[in-house]
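Heads up, the thing below is written out as structure tokens.
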Amino acid sequence: MTPSPVFALTLALCASAPAMANDALVQEKQCLQCHAVDKNLIGPSFKRIAYRWNGNPVAEKMLIATIRNGTREGGGQHWSDSTHMPDAWERPMVSEAEAQKIFVWIMRQ
């Protein structure tokens with residue numbers, strides 16, 4: 001039995017919904033002011049971050065802390081000495097659950 005085009009489209013939209021939601025979350029939390037998906041801006045690209053932290057056992061803990069609290073309060077400098085992520089009071093608040101979603105989104109880049 002061949003799936004109908006409507007079923008295939010519905011399945012594709014459901015599968016991409018979390019990715020779109022996380023794109024919106026990354027925009028809402030102002031991550032794109034310093035980062036881009038595939039090129040370095042003020043901060044490294046999300047692809048570069050994912051590549052660097054892939055397979056590191058402390059990646060999730062470190063990146064979630066950084067996403068929530070900024071570079072200094074989130075565990076210290078871990079990329080370069082010249083730039084740092086703004087501290088929590090300098091940008092929108094990010095909950096633990098939101099930081100987890102952003103972390104997963106970054107690591108899928």
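Using a 4.5 Å cut-off on side-chain heavy atoms (C-beta onward), Val26 and Trp105 make contact. Within the 4.5 Å cutoff, the side chain of Leu41 has no heavy atoms near those of the Cys34 side chain. Using a 4.5 Å heavy-atom cutoff, the side chains of Asn22 and Phe103 are not in contact. Contact check for Ile102 versus Phe46: no side-chain heavy atoms found under the 4.5 Å cut-off.
A side-chain donor-acceptor contact under 3.5 Å links Lys29 to the backbone of Met93. Within the 3.5 Å criterion, the main-chain N or O of Ile106 finds no donor-acceptor partner in the side chain of Gln109. Judged by distance alone, with hydrogens and angles left aside, the side-chain atoms of Asn54 form no donor-acceptor pair with the main-chain N or O of Ala50 at under 3.5 Å.
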Using the side-chain contact (heavy atoms from CB on, under 4.5 Å) rule, take Ser45 and Asn40 through it: C-alpha gap first, then chi angles, then the decisive distance, then the call.
CA-CA 5 Å; Ser45 72; Asn40 295 330; 3.8 Å; yes
Should Glu98 and Leu25 be marked as a side-chain contact (heavy atoms from CB on, under 4.5 Å) after you check the CA-CA gap, both sets of side-chain angles, and the distance that decides it?
CA-CA 8 Å; Glu98 290 169 331; Leu25 183 59; 4.0 Å; yes
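The side-chain hydrogen bond (donor to acceptor under 3.5 Å, both in side chains) check on Gln100 picks up Glu60, with sequence neighbours excluded. Evaluation of the side-chain hydrogen bond (donor to acceptor under 3.5 Å, both in side chains) rule for Lys101 yields no partner, not counting sequence neighbours. Residues passing the salt bridge (Lys or Arg N to Asp or Glu O under 4.0 Å) test with Glu96, sequence neighbours excluded: Arg68.
At a threshold of 4.5 Å between side-chain heavy atoms, the hydrophobic network of Ile, Leu, Val, Met, Phe, Trp and Tyr places Ile49 and Ile42 in two separate groups. By the criterion of side-chain heavy atoms lying less than 4.5 angstrom apart, applied directly or through intervening Ile, Leu, Val, Met, Phe, Trp or Tyr residues, Tyr51 is not grouped with Leu63; the two fall into different hydrophobic clusters.
Between Pro44 and His35 the shortest heavy-atom distance is O-ND1, 2.6 Å.
For the atom pair Asp23 CG and Leu32 CG, the distance stands at 8.5 Å (nearest 0.5 Å).
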